[in-house]
Trainee: 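Would you mind keeping the following structure in view while I ask a few things?
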Amino acid sequence: MQSQTQNAFRALADPTRRDIVQMLAVQEMTIAQLTQRFDMTRAAVKKHLTVLSDGGLITVETRGRERINRLEPQGMAPVLDWLSYFDQFWDERLNNLKEAIERKDR
């Protein structure tokens with residue numbers, strides 16, 4: 001599980017990969033379609049897609065001669081789980097602060 005979380009964060013660490021994730025959230029795309037949207041080579045886009053795939057954030061389906069890249073929403077689960085800890089942490093801290101302020105005001 002730890003490596004899955006690490007791979008997902010690694011995949012999201014790069015702004016180009018985050019852009020690709022956003023594009024794939026709208027529609028499935030081939031490498032050629034993605035390459036047209038960036039000022040980089042097809043090989044560079046392929047490397048980004050490999051990192052996203054390793055992170056579990058996208059899947060690739062072969063249709064004839066094309067490889068279709070698709071967002072894998074469940075790949076975000078490790079990231080969301082990790083971040084949810086901090087939601088709870090801050091909720092507790094803010095509730096404690098609120099209670100302390102209310103006690104002081106009495």
Side-chain angles (χ1 to χ4, degrees):
M1 180 68 158
Q2 181 64 25
S3 65
Q4 186 180 13
T5 302
Q6 211 167 355
N7 288 342
F9 271 105
R10 177 176 176 251
L12 293 171
D14 183 87
T16 299
R17 290 193 288 270
R18 290 191 303 268
D19 288 344
I20 291 171
V21 166
Q22 287 182 309
M23 289 177 197
L24 294 178
V26 175
Q27 71 181 46
E28 302 172 349
M29 300 177 88
T30 64
I31 295 173
Q33 291 170 318
L34 287 164
T35 301
Q36 292 173 356
R37 300 192 183 209
F38 293 97
D39 185 25
M40 63 179 71
T41 65
R42 180 182 174 96
V45 171
K46 174 68 174 134
K47 285 182 183 179
H48 284 296
L49 292 171
T50 298
V51 174
L52 288 168
S53 179
D54 291 347
L57 300 176
I58 68 166
T59 55
V60 182
E61 177 187 343
T62 302
R63 291 185 197 156
R65 292 178 29 149
E66 292 185 324
R67 292 175 50 93
I68 308 299
N69 299 279
R70 168 185 308 127
L71 180 65
E72 185 58 49
Q74 286 301 314
M76 293 287 190
V79 174
L80 295 173
D81 290 346
W82 189 85
L83 290 172
S84 72
Y85 166 79
F86 293 98
D87 278 343
Q88 293 171 358
F89 172 83
W90 285 113
D91 284 346
E92 284 180 32
R93 295 292 170 125
L94 292 173
N95 283 335
N96 291 343
L97 177 61
K98 178 184 175 198
E99 289 173 9
I101 291 170
E102 288 173 350
R103 278 193 304 268
K104 184 180 176 189
D105 287 344
R106 290 182 190 166

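Hydrogens, waters and symmetry mates play no part in the numbers below; they use all other heavy atoms, side chains included. All residue numbers refer to positions in the sequence shown, counting from 1.
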Trainee: Mind jotting down which residue pairs meet the ring pair (Phe, Tyr, Trp, His ring centres under 6.0 Å) criterion with at least one end in residues 5-32? Sequence neighbours excluded, please.
Mentor: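 Qualifying pairs, neighbours excluded: Phe9-Trp82.
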
Trainee: Take Leu49 and Ile31 through the test side chain to side chain contact (heavy atoms under 4.5 Å, CB included) and record every step on the way to the result.
Mentor: CA-CA 8 Å; Leu49 292 171; Ile31 295 173; 3.5 Å; yes

Trainee: In this structure, would Val26 and Val21 fall into the same cluster of hydrophobic residues linked by side-chain contacts under 4.5 Å?
Mentor: no

Trainee: Looking only at heavy atoms, what is the nearest atom pair of Pro78 and Thr5, with distance?
Mentor: CB-OG1, 3.4 Å

Trainee: Taking all non-hydrogen atoms of both residues, which atom of Ser53 and which atom of Ile58 are closest, and how far apart?
Mentor: N-CG1, 3.6 Å

Trainee: If two hydrophobic side chains count as joined below 4.5 Å and joins carry through other members, does Val79 share a cluster with Leu71?
Mentor: yes

Trainee: For Ile101, check side chain to side chain contact (heavy atoms under 4.5 Å, CB included) against everything at least two apart and list the hits.
Mentor: Leu97, Asp105

Trainee: Provide the full list of side-chain hydrogen bond (donor to acceptor under 3.5 Å, both in side chains) pairs with a residue in residues 56-78, sequence neighbours left out, each pair given once.
Mentor: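 The answer is Glu28-Arg63, Glu28-Arg70, Glu61-Arg63, Glu61-Arg70.
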
Trainee: Applying a strict under-4.5 Å side-chain criterion to I, L, V, M, F, W and Y, I'd like to know whether Ile68 and Val51 cluster together.
Mentor: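 No; Val51 is not reachable from Ile68 via cluster members.
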
Trainee: Report yes if some heavy atom in the side chain of Met76 is under 4.5 Å from a heavy atom in the side chain of Leu12; otherwise report no.
Mentor: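 Yes, side chains in contact.
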
Trainee: Any side-chain hydrogen bond (donor to acceptor under 3.5 Å, both in side chains) involving residues 36-48? Give me the pairs, sequence neighbours left out, ordered by first then second residue.
Mentor: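 Output for this query lists Arg17-His48.
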
Trainee: Search all heavy atoms of Leu34 against all heavy atoms of Met23 and return the closest pair with its distance.
Mentor: CD2-SD, 3.9 Å

Trainee: Quick test of your reading: applying salt bridge (charged side-chain N to carboxylate O under 4.0 Å, His left out), list the pairs with at least one residue in residues 51-60, sequence neighbours left out, ordered by first then second residue.
Mentor: none

Trainee: Are the side chain of Ser84 and the backbone N or O of Asp81 linked by a donor-acceptor pair below 3.5 Å?
Mentor: yes

Trainee: Can you name the nearest heavy-atom pair linking Ala11 to Gly55, along with the distance?
Mentor: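 Closest heavy-atom pair between Ala11 and Gly55: CB-CA, 4.5 Å.
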
